[in-house]
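Note that the numbering runs from 1 along the sequence shown for the chain. FYI, side chains are in, hydrogens and waters are out, and symmetry mates aren't considered; it's all heavy atoms of this structure. Atoms within each ligand, like the ligands themselves, are counted from 1 in listed order.
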Amino acid sequence: MEAGSRCAVITGGAQGIGRALAEELLRNQYKVCILDMNKDAGENAQTELNKAFGDGSIFFYACDVTKNSDLESAVKLCIESLGRIDVFVNNAGIVNEYNPSLTVSVNLTAVIQACGIVIEHMRKDKGGSGGTIINVSSIAGLVSLPFIPIYCATKSGLLSYTKAVAKQAEIAAQGITLSCICPGFTDTAFVQNLEDKMPDFSTAHKAIEHTGLLKVQAVTDGILKLIKDQKNGSILKVSANGTDYVPE
Ligand SMILES: NC(=O)c1ccc[n+]([C@@H]2O[C@H](COP(=O)([O-])OP(=O)(O)OC[C@H]3O[C@@H](n4cnc5c(N)ncnc54)[C@H](O)[C@@H]3O)[C@@H](O)[C@H]2O)c1
Ligand SMILES: CCCCC/C=C\C=C\[C@H](O)C/C=C\C/C=C\CCCC(=O)O
């Protein structure tokens with residue numbers, strides 16, 4: 001590991017927004033670890049991206065973020081591979097209105113657990129060098145969508161949690177910043193095959209027809225902006241109308 005290269009970890013990084021972000025960070029000279037429960041997609045991303053960016057650029061570790069023991073050991077492996085973590089992106093997420101506990105567990109509880117683990121590593125008073133945590137929320141965390149109430153609850157919960165932790169005096173003192181990104185509907189596998197994931201699929205389908213889909217690049221650009229701006233406690237909305245910070 002060369003002195004000075006920045007290191008990032010992305011949960012749910014095997015496909016969709018997470019994988020595109022991994023690629024973007026590699027293009028920006030980061031070393032990257034991706035964590036995902038989809039072993040085939042994760043190994044595939046690792047092989048393809050190491051081929052494109054050079055061996056040892058990216059590491060994949062299988063991790064179900066809902067299992068605290070998986071998270072603990074995956075973060076340890078990331079630190080062994082990268083040396084440190086400068087940027088941690090909690091990106092893994094699901095929509096499943098028929099399984100509230102799983103939805104809360106993946107989208108909210110796992111993020112809270114991961115933040116706890118990563119903050120301990122980043123704290124300057126514990127030998128770390130600070131860092132940035134980005135939590136991937138959604139416009140569904142800002143507006144209430146009647147066809148996905150449980151998903152909305154998890155994503156607005158993420159906004160509250162992130163802003164509250166960011167306000168803790170010791171977070172800033174330790175050189176740590178937390179922020180959230182709130183994308184609108186985005187063109188990934190996430191918005192496909194959802195017929196059996198919500199009772200009122202036809203309203204969801206109409207909403208997407210009405211708003212259209214964002215390109216993944218708009219979301220990864222937003223995450224790069226958050227990494228660059230380091231505005232602790234900020235919420236960045238990405239929609240068809242552009243990318244803007246949400247006023248306090
Ligand atoms: N696509 C959209 O329209 C959209 C819009 C706003 C926000 N988001 C959010 O963006 C994030 C990424 O979404 P995406 O569109 O790339 O979805 P995606 O389905 O393409 O990718 C999600 C990844 O998360 C992984 N994952 C799911 N559960 C996991 C678990 N328990 N442990 C580890 N990995 C797990 C999946 O295997 C997958 O690789 C999610 O948090 C989602 O809520 C998506
Ligand atoms: C075909 C059915 C797909 C159902 C999609 C379900 C969940 C997707 C959740 C995403 O996180 C996106 C959530 C909300 C987007 C809300 C409004 C979009 C406004 C778009 C805009 O202003 O550009």
Side-chain angles (χ1 to χ4, degrees), residues 9-23 34-45 60-68 70-71 74 89-97 99 101-111 113-114 134-159 180-220 222-223 236-244:
V9 178
I10 307 164
T11 71
Q15 57 198 17
I17 293 167
R19 176 173 166 156
L21 176 65
E23 203 164 333
I34 50 176
L35 310 181
D36 207 292
M37 67 187 298
N38 184 335
K39 211 163 171 266
D40 289 344
E43 283 170 354
N44 188 38
F60 162 68
Y61 297 113
C63 170
D64 178 345
V65 295
T66 66
K67 295 184 178 144
N68 209 33
D70 270 25
L71 263 178
V89 184
N90 280 300
N91 164 74
I94 59 163
V95 57
N96 188 342
E97 295 296 308
N99 195 337
S101 63
L102 181 65
T103 307
V104 173
S105 179
V106 178
N107 293 3
L108 185 57
T109 314
V111 177
Q113 301 280 18
I134 292 168
N135 295 328
V136 180
S137 176
S138 163
I139 289 183
L142 295 166
V143 297
S144 307
L145 302 171
F147 46 90
I148 42 172
I150 296 156
Y151 181 83
C152 286
T154 62
K155 293 300 188 179
S156 64
L158 264 190
L159 301 181
C180 277
I181 188 147
C182 292
F185 297 119
T186 307
D187 191 10
T188 69
F190 192 88
V191 293
Q192 288 154 18
N193 306 315
L194 289 176
E195 288 89 339
D196 59 346
K197 296 290 191 285
M198 62 192 75
D200 189 5
F201 173 75
S202 73
T203 305
H205 188 69
K206 279 185 204 134
I208 292 194
E209 275 185 350
H210 179 69
T211 63
L213 289 172
L214 295 170
K215 291 202 166 75
V216 171
Q217 178 86 44
V219 182
T220 56
I223 297 174
L236 189 72
K237 180 179 167 186
V238 183
S239 78
N241 297 325
T243 297
D244 289 299

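- Below 30°, between 30° and 60°, or above 60°: for Phe185 and Phe147 the angle between ring planes is below 30°, a parallel geometry.
- Between Ser137 and Lys155, the shortest heavy-atom distance links the atoms OG-O, 2.9 Å.
- If you take CD1 on Ile181 and CG on Leu158, they are separated by 13.0 Å, rounding to the nearest 0.5 Å.
- Nearest protein heavy-atom contact of atom 31 (N) of ligand 1 is Asp64 OD1, 3.0 Å.
- The heavy atom nearest to atom 36 (C) of ligand 1, considering only Asp40, Asp36, Asn96, is found in Asp36.
- The closest approach between a heavy atom of Leu145 and any atom of ligand 2 is below 4.0 Å.
- At least one N/O-N/O distance between Tyr151 and ligand 2 falls below 3.5 Å.
- Closest to atom 12 (C) of ligand 1, if we only count protein heavy atoms, is Asn91 OD1, 3.1 Å.
- Atom 23 (O) of ligand 2 has its closest protein heavy atom at Ala240 N, 2.8 Å.
- Of all the heavy atoms of Val143, none lies under 4.0 Å from any atom of ligand 2, so neither backbone nor side chain is involved.
- Considering every non-hydrogen atom in both Gly12 and Asn91, the closest pair reads O-ND2, 3.0 Å.
- The part of Phe201 lying near ligand 2 is the side chain, judged by heavy-atom distances below 4.0 Å.
- Contacts with ligand 1 closer than 4.0 Å are made by side-chain heavy atoms of Val191 only, the backbone lying farther away.
- Given atom 22 (C) of ligand 1, the protein heavy atom at minimum distance is Gly93 O, 4.2 Å.
- At least one heavy atom of Ser137 sits under 4.0 Å from some atom of ligand 1.
- Each of Thr66, Asn90, Thr154 was scored for a side-chain hydrogen bond (donor to acceptor under 3.5 Å, both in side chains) with Asn107, with one residue passing: Thr154.
- Residue Cys63 places a heavy atom under 4.0 Å from ligand 1.
- Considering backbone and side-chain N/O of Ser138, one or more are found under 3.5 Å from N/O of ligand 2.
- Within the structure, ligand 1 has Val136 among the residues with a heavy atom less than 4.0 angstrom away.
- Within the set Asn90, Ile17, Leu35, the minimum heavy-atom distance to atom 44 (C) of ligand 1 is found for Ile17.
- Counting only heavy atoms of the protein, atom 16 (C) of ligand 2 lies nearest to Ile139 CG2, 3.7 Å.
- Within the 4.0 Å heavy-atom shell around ligand 1 one does not find Cys182.
- Nearest protein heavy-atom neighbour of atom 2 (C) of ligand 1: Thr186 N, 3.5 Å.
- Evaluated for a side-chain contact (heavy atoms from CB on, under 4.5 Å) with Lys237, the options Ile139, Thr243, Asp244 yield exactly one hit, Ile139.
- Nearest protein heavy-atom contact of atom 20 (O) of ligand 1 is Gly16 CA, 3.6 Å.
- Between atom CG of residue Asp200 and atom NZ of residue Lys206 there is a gap of 7.5 Å, rounded to the nearest 0.5 Å.
- Of the protein's non-hydrogen atoms, the one nearest atom 22 (O) of ligand 2 is Ser239 CB, 3.5 Å.
- Ranking protein heavy atoms by distance to atom 27 (C) of ligand 1, first place goes to Ile94 CG2, 3.9 Å.
- When non-hydrogen atoms are compared, ligand 2 lies under 4.0 Å from the side chain of Ile148 (C-beta onward) but not from its backbone.
- Thr188 is not listed as a side-chain neighbour of Gln15, based on a closest heavy-atom distance of 4.5 Å or more.
- For the residues Leu194, Asn193, Val238, the heavy atom positioned nearest atom 4 (C) of ligand 2 is part of Leu194.
- For atom 30 (C) of ligand 1, the nearest non-hydrogen atom of the protein is Met37 SD, 3.2 Å.
- Taking a 4.0 Å cut-off on heavy atoms, Lys155 registers as neighbouring ligand 1.
- Evaluated by nearest non-hydrogen atom to atom 20 (C) of ligand 2, the leading choice among Thr211, Ile208, Leu213 is Thr211.
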